[in-house]
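Input: a single structure, listed below in structure tokens.
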Amino acid sequence: METTIAAISTAQASAGISVIRISGDEAITIADRVFRGNNNKKLCEMKGYTCALGGAYADGEKLDECIATVFREPHSYTGENVVEFSCHGGVYVTARVLRAIYDAGAQPAQAGEFTKRAFLNGKLDLIEAEAVMDIISSRSKAGVRAALNIKDGALSKKINNSKDILLNKAAHLNAWADYPEEDIPEVESDELLSALSEVRSDLSRLIDSYDDGRILRDGIDTVIAGKPNVGKSTLMNLLAGYDKSIVTSVAGTTRDIVEESVSLGDIVLNLSDTAGIRETGDEIEQIGVDKAKKRLNSASLLLCVFDASSELTDEDLEIIDMVGDIPSIAVINKCDLTKQPDDSKIKEAFGEVIYMSAKNGDGADKLIETVKRICAVGNINSADALIYNERQRSLTKKTMDSVDEAIEALHIGMTFDAVTVSIEEAVAYLCELTGERVTDEVVDKVFHTFCVGK
């Protein structure tokens with residue numbers, strides 16, 4: 001926090017512009033050593049939220065024309081003095097300007113250090129800081145909406161509401177126990193139990209939201225399975241929107257797992273196109289078959305593909321038996337060809353059956369609608385407060401366990417001292433969740449996943 005840091009905040013690739021961010025007590029002074037305004041006005045003379053057109057220089061040489069934007073503490077992203085240089089988006093020229101800023105006294109920023117400083121300076125809490133990276137990494141419209149909602153404080157408000165209730169009850173319990181001579185209202189067990197039950201219900205709903213948050217953040221691990229030559233790779237290419245998998249008329253073309261993440265509006269499918277499942281004497285193909293079976297068992301969703309132009313085989317029946325309790329959709333493919341009449345066994349085994357032609361794209365919309373329904377994506381409200389990562393889920397669960405202990409203590413008639421201990425423990429977990437009480441190790445772990453420059 002005592003140093004002034006700098007980094008490129010835009011993607012390091014050729015683009016229209018590149019943005020270099022400088023933050024710290026000396027940000028404006030260091031920027032002035034590099035920047036020369038066209039009107040000779042110094043950045044240190046400018047108010048916050050103002051811009052100047054000029055050039056970036058090193059050793060008297062003009063490196064690039066750029067715009068400098070000044071933000072003065074505490075009214076900036078980090079809460080510190082900040083200057084942002086908007087340069088031409090060439091990789092080389094941006095690197096040269098950044099080097100000049102380092103030579104002028106700035107230090108290279110670490111991963112997530114700008115947002116970390118925003119957290120340490122009280123501009124946002126730890127939950128909101130985590131949402132910043134979720135906004136950057138979101139791959140769907142619903143995912144972005146949910147992350148923005150968390151960044152705006154939706155989850156923090158829920159957590160703080162529960163924390164305030166618990167703090168008020170803990171304060172009342174402590175005051176009533178420590179100052180019996182004062183005119184402090186007696187603690188009513190029924191009222192205390194009602195408050196704890198309300199908090200527990202809110203925490204339980206948040207924990208239940210974790211699966212929804214995980215789906216919006218990470219997507220759904222989806223395996224395309226079937227015997228050889230039923231059109232698995234064609235389906236993969238249809239959903240991906242380009243030729244990701246090799247498609248030939250030769251059975252067993254796919255021998256390894258081909259992966260691709262596909263955004264379908266409000267949903268992301270992490271697709272795995274697998275080798276056709278069958279008995280084979282080919283050692284290499286058998287490795288692919290074994291991988292396919294292993295991946296099938298770890299999937300969150302199965303798209304089991306069958307050939308509408310041929311009768312079911314023993315290989316098809318083996319795949320049906322492997323599905324078990326995994327959420328799955330039967331995709332009867334090649335419906336553009338002559339259809340065989342008996343698909344009763346497929347209908348018996350699968351709750352969802354889609355008829356389509358992956359080659360022509362017929363039935364794709366129906367498949368996508370069915371995926372959303374079977375994964376309950378349509379029921380996810382991205383405007384709700386959602387728990388979005390394992391750290392949040394774990395601490396919320398620990399909080400609820402402590403509340404449960406307090407409720408149990410009341411039920412079995414233990415002293416209010418025991419109840420108070422459990423309530424204060426719950427408050428401590430919530431403070432760790434928001435970052436009010438958190439170790440440096442936890443903070444570093446949260447921000448190490450961020451990109452440099454954010």
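Just so you know, residue 1 is the first one in the sequence shown, and it goes up from there.
- Asn168 places a side-chain N or O within 3.5 Å of a backbone atom of Asp164 that can act as its donor or acceptor partner.
- Within 6.0 Å of CD in Glu441 there are 12 or fewer heavy atoms belonging to other residues, nucleotides or ligands.
- Side-chain N/O atoms of Thr434 and Glu436 include a donor and acceptor closer than 3.5 Å.
- Counting only distance, with no hydrogens or angles, the side chain of Thr94 and the backbone of Gly89 share no donor-acceptor pair below 3.5 Å.
- Taking the ring centre of Phe71 as origin, the terminal cationic atom of Arg21 falls outside the region bounded by 6.0 Å and 45° from the ring axis.
- Remark: the backbone N or O of Lys47 is paired with a side-chain donor or acceptor of Thr50 at under 3.5 angstrom.
- Below 30°, between 30° and 60°, or above 60°: for Phe350 and Phe306 the angle between ring planes is above 60°, a perpendicular geometry.
- Within 6.0 Å of NZ in Lys397 there are 12 or fewer heavy atoms belonging to other residues, nucleotides or ligands.
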- request: Apply side-chain contact (heavy atoms from CB on, under 4.5 Å) to the pair Glu84 and Val70, showing each step before the final yes or no.
  value: CA-CA 7 Å; Glu84 291 182 352; Val70 176; over 6 Å; no
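- The side-chain heavy atoms of Thr420 and Thr415, taken from C-beta on, include no pair separated by under 4.5 Å.
- Within the 3.5 Å criterion, the main-chain N or O of Leu386 finds no donor-acceptor partner in the side chain of Tyr210.
- Looking only at atom types and distance, the side chain of Thr78 has a donor-acceptor partner in the side chain of Ser23 under 3.5 Å away.
- Using a 4.5 Å heavy-atom cutoff, the side chains of Glu130 and Arg391 are in contact.
- Cation-pi geometry between Lys454 and Tyr77 is met: under 6.0 angstrom from the ring centre, within 45 degrees of the axis.
- A donor-acceptor pair under 3.5 Å is absent between the side-chain atoms of Ser328 and the main chain of Leu302, judged by distance alone.
- Side-chain atoms of Asn81 come within 3.5 Å of backbone N or O of Glu73 as a donor-acceptor pair.
- A side-chain hydrogen bond (donor to acceptor under 3.5 Å, both in side chains) with Tyr355 is found for one member of Asn333, Asp362, Asp343 and no other, namely Asp343.
- Looking at Glu128, its side chain does come within 3.5 Å of a backbone N or O of Asp125 through a donor-acceptor pair.
- Remark: the backbone N or O of Arg200 is not paired with any side-chain donor or acceptor of Ser204 at under 3.5 angstrom.
- Using modelled atom types, one finds no donor on one side chain facing an acceptor on the other under 3.5 Å when comparing Glu26 with Thr4.
- Asp103 and Arg99 are not joined by a salt bridge, as no carboxylate oxygen comes within less than 4.0 angstrom of a charged side-chain nitrogen.
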